Amino acid sequence: MADNLPCATGFSVAVRTEPERSPRPSFASAGSRTEVAQTVAGLRLRATLLHTGAPEGACAWRPEKAAVVAGELYNRCELRSLLPGVGEPAGDGDGDAQLVLALFDIYDLHAFRLLNGRFAAVVVAGGRAVLATDHAGSVPLYTCAAPGRVLAATEAKTLRTAAPGRRLTGARAVPGMRGVHQVPAGTVLDIGVGATGCAPHTTWAPPHSRRILPEDRAAEAVRAALESAVDARTGPGTPLVLISGGIDSSGVAALAARGPGATTDTVSMGTEERNEFPQARAVAGHLGTNHTEVVVPASELVARLPHTVWAAECRDPDIIEYLLPLTALYLRLEGPGRRVLTGYGADIPLGGMHREGRLPALDTALAHDMATFDGLNEMTPVLSGIGGHWSTHPFWDREVLELLTSLEAGLKSRHGRDKWVLRAAMRDLLPHETVTRPKLGVHEGSGTTSSFTRLLTDAGLPPPHVHRAKRLVVGELFQQVVVDGLHPDEVDLPAVVHRLDRREFVP
């Protein structure tokens, strides 16, 4: 096993009352596969685990209960303190699935309110299939259910050939995939396998209240929360941090590299047209990391559009544009699977992409972003998984996210700086020019937006209609690689662009 990666990075699970063929698993994520099967309280459970060498830690079996978990938990010590005896899942081993099952014995489905992690889980108990996502839905979870069967998978494409299921209360239908639903972030679906009744339970929601703190206390709280989140994610191996030279990724790198004798690898990505290499190089030199620069030609970057849609299973062109440079980089990383830390996602709770000068407008935008991130799959580990890696995002740790979201807007836009509280928290660890550098999105710093735009304008699309054309292209790619099951290497991207109906773009 790669000891710096989770026991399982994905799964496909079938729970049935009677024997029946399951859909053939189809994962974009790379990895070994292990088939497991068990009878649990009269129900037939079969799972395919996508793993890194130790699948036994991703599943826990008993005659009356079972659990399957993809991903990892970050508050294991606190969770084990809740268990009887010595605080260990007696007789079940020490994997996250065993821990989840032991907590389920005590709290039933409310156990998922206790977990801080990056995971998707299925628990089978008492004729029920309990499906759960982490607080951010950062490991997407999909399901297709009908009387007598419940199917669940961490990638929607795995369920594309399943017999249509029924509508599930509290779940979100996946476009183009009849009967397939996505489990919302911070949600448990309690599904009766025999009759397929479905009861949704919310286990986490973004805070609506705002905290008032003095500047120094706010900066200290942010620093402490991020330190804890980074520590929980670094693992036993040398961490790899993606950096752009901006405050978000550089802050994560600084916390990963702190301490005597700490060794950290960093990497930055750009194209021949645009990059942020000088800014990232300044951070790496200041921190003393082992730094690598990866140049992805703009033509290759755009050619990864089908792979990005395939991994993210998202139809939003703006999100795909954000994720495209990350996908291209993950596919370029060489060697065995790495644990990768990123600064991705900090802009959402900190309002970093908004330039409203007034605080009410900033907080309104922030509240909207926190209410609408779900289902976009921005944090999905499949993006790195297609290259065999495991990515994790400290800014979306549950404790960090709750703190950042709850801080009053004046701590986020202060003294003429966006994301002020984060800059204040990191100012003694990073170069001054990094702490004060204005925000630049990864899609902007790598030339992704301009490259995607040029793909369309070179094909004759009028510039005023480029965004609509991007939406149509991404929608067609979703149809091909997710709904129809085409491998992205088989997609003819120029043909997809050429087939756009030009009549829709006539002024």
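What you see is a predicted model; the values in this text were computed from it and never measured. If you read the sequence from its start, that first residue is 1, and numbering goes on from there.
Side-chain contact check for H110 versus F112: every heavy-atom pair is 4.5 Å or farther apart. Looking at heavy atoms from C-beta onward, K412 lies in side-chain contact with L366 at the 4.5 angstrom threshold. Under the 4.5 Å side-chain criterion, counting only non-hydrogen atoms from C-beta, L99 is in contact with L83. Residues L49 and V68 have side chains in contact (heavy-atom distance under 4.5 Å, counting atoms from C-beta outward). Taking 4.5 Å as the limit, every side-chain heavy atom of V100 sits out of range of all side-chain heavy atoms of L79.
The structure places OH of Y344 at 13.0 Å from OG of S138, a figure rounded to the nearest 0.5 Å. With rounding to the nearest 0.5 Å, the separation of CZ in R210 from OG1 in T405 is 7.0 Å. Expressed to the nearest 0.5 Å, how far OG of S26 lies from NE2 of H487 amounts to 9.0 Å. For the atom pair L401 CG and D397 CG, the distance stands at 8.5 Å (nearest 0.5 Å).
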Exercise for the section: Evaluate the side chain to side chain contact (heavy atoms under 4.5 Å, CB included) criterion for residues R339 and E72: first the C-alpha distance (whole Å), next the side-chain angles of each, then the deciding distance (0.1 Å), finally the verdict. Expected result: CA-CA 12 Å; R339 170 175 291 272; E72 56 190 359; 2.7 Å; yes
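For D190, the salt bridge (Lys or Arg N to Asp or Glu O under 4.0 Å) criterion is met by R128, not counting sequence neighbours. For N377, the side-chain hydrogen bond (donor to acceptor under 3.5 Å, both in side chains) criterion is met by Y142, Q182, not counting sequence neighbours. Every residue was checked against the ring-ring contact (aromatic ring centres under 6.0 Å, His included) condition with F27, not counting sequence neighbours, and none meets it. Scored by the salt bridge (Lys or Arg N to Asp or Glu O under 4.0 Å) test, R454 finds E273 as partners (sequence neighbours excluded). Applying the side-chain hydrogen bond (donor to acceptor under 3.5 Å, both in side chains) rule to T453 yields the partners K470; only residues at least two apart in sequence or on another chain are considered. R398 is linked by a side-chain contact (heavy atoms from CB on, under 4.5 Å) to N75, N116, H135, W204, E402, counting only residues two or more places apart in sequence or in another chain.
For the pair R113 and Y107, the cation-pi test (distance below 6.0 Å, angle within 45°) is failed. Judged by the 6.0 Å and 45° rule, R118 forms a cation-pi pair with W390.
Of the charged side-chain nitrogens involved, none lies within less than 4.0 Å of a carboxylate oxygen, so that E476 and R471 do not count as a salt-bridged pair. Between E155 and K157 there is a salt bridge, with a side-chain nitrogen of the basic residue lying less than 4.0 Å from a carboxylate oxygen of the acidic one. For the pair D105 and R62, the salt-bridge criterion is met [side-chain N within less than 4.0 Å of a carboxylate O]. Look at E300 and R332 and you find a salt bridge, because one of the NZ, NE, NH1 or NH2 atoms lies within 4.0 Å of a carboxylate O, short of that distance.
Below 30°, between 30° and 60°, or above 60°: for H389 and Y330 the angle between ring planes is between 30° and 60°, a tilted geometry.
Under 3.5 Å, the side chains of H201 and T187 contain no donor-acceptor pair of N or O atoms.
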